[in-house]
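Heads up: the structure comes next, in structure tokens.
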Amino acid sequence: MGLVYADIELINGGDLEMVRRHLMDEDEVKRMTIRFLVDSGACNLCINEVIQQQLQLPVVEKRKAQMANGSIEEFDVVGNVEVRFKNRATSCRAMVLPGDAEPLFGEIPMEDMDLIIHPLKEELMVNPEHPFFAQMVLKAVTLIN
């Protein structure tokens, strides 16, 4: 399977809260559509500093993460980010990669939105078993033989 990319909409979750409280107009909400590398090997949503600045997402903490080469690095974590793809949405935090590094769409938001990677089509798609709404597994089923 080759690399899979998807256009994902990101929205400043704080702005959405301000709209809900009638403290901001909907047309003032900071949002953008980003082309993400869909990476089932990455856990989190990872954006870069350019995206963080444009969406004006506040840093909520710092976290260490292990990179693909095995090195451990510390990154800012921002929140609250509303993430939308097709008829799905979730809200999460995002790790901030330096500069204009390639953004990564990881497993946690993918699972929360009930999205799958279609290996033959090499595309991110809504789970065809649940086309109209996201469905999650709350507990694993254990089979005893």
* To do: List for me each residue that meets salt bridge (charged side-chain N to carboxylate O under 4.0 Å, His left out) alongside Lys86, sequence neighbours excluded, and say none if there are none.
  =>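 Partners of Lys86 under the salt bridge (charged side-chain N to carboxylate O under 4.0 Å, His left out) test: none.
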For [X] and [Y], which heavy atoms make the closest approach, and how far apart are they?
X	Y	answer
Arg93	Val77	CB-CG1, 3.7 Å
Arg88	Phe133	NH2-O, 3.2 Å
Phe36	Leu10	CZ-CD1, 3.7 Å
Leu45	Val83	CD2-CG2, 3.8 Å
Ser71	Glu73	OG-OE2, 3.5 Å
Glu122	Gly2	OE2-N, 2.6 Å

Please round to the nearest 0.5 Å and tell me the distance separating atom [atom1] of [X] and atom [atom2] of [Y].
X	Y	atom1	atom2	result
Asn12	Met24	CG	CE	7.5 Å
His22	Arg20	NE2	CZ	11.0 Å
Arg84	Ile8	CZ	CD1	12.5 Å
Gln53	Ile47	CD	CD1	10.0 Å
Lys64	Met95	NZ	CE	11.5 Å
Glu9	Phe85	CD	CZ	12.0 Å

Under 3.5 Å: donor-acceptor pair, side chain of [X], backbone of [Y]:
X	Y	result
Gln52	Leu57	yes
Asn48	Ala101	yes
Asp76	Val96	no
Asn44	Cys46	no
Asp7	Thr33	no

Cluster check [X], [Y]: I/L/V/M/F/W/Y, side chain < 4.5 angstrom:
X	Y	value
Val60	Leu55	no
Leu23	Val19	yes
Phe75	Ile51	no
Val81	Leu124	yes
Met18	Ile11	yes

* Asked: Strictly by modelled atom types, are Asn80 and Ser91 linked by a side-chain donor-acceptor pair under 3.5 Å?
  ->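 Yes, a side-chain donor-acceptor pair sits under 3.5 Å.
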* **Arg63, CZ: over 12 other non-hydrogen atoms inside 6.0 angstrom** =>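 Open: at most 12 neighbouring heavy atoms sit under 6.0 Å from CZ of Arg63.
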* Give a yes or no on whether Arg21 atom CZ has more than 12 heavy-atom contacts from other residues, nucleotides or ligands under 6.0 Å away. =>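 No, not enclosed.
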Indicate every side-chain donor-acceptor pair of residues 103-116 with a distance under 3.5 Å to a residue at least two apart or in another chain.
| from | atom 1 | to | atom 2 | distance (Å) |
| --- | --- | --- | --- | --- |
| Asp112 | OD2 | Thr90 | OG1 | 2.1 |
| Asp114 | OD1 | Asn127 | ND2 | 3.0 |
| Asp114 | OD2 | His130 | ND1 | 2.6 |
| Asp114 | OD2 | Gln135 | N | 3.1 |

* To do: Taking the side chain as every heavy atom from C-beta outward, state whether Asn87 and Val126 have any atom pair closer than 4.5 Å.
  =>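 A side-chain contact exists here, since the closest heavy-atom pair is under 4.5 Å.
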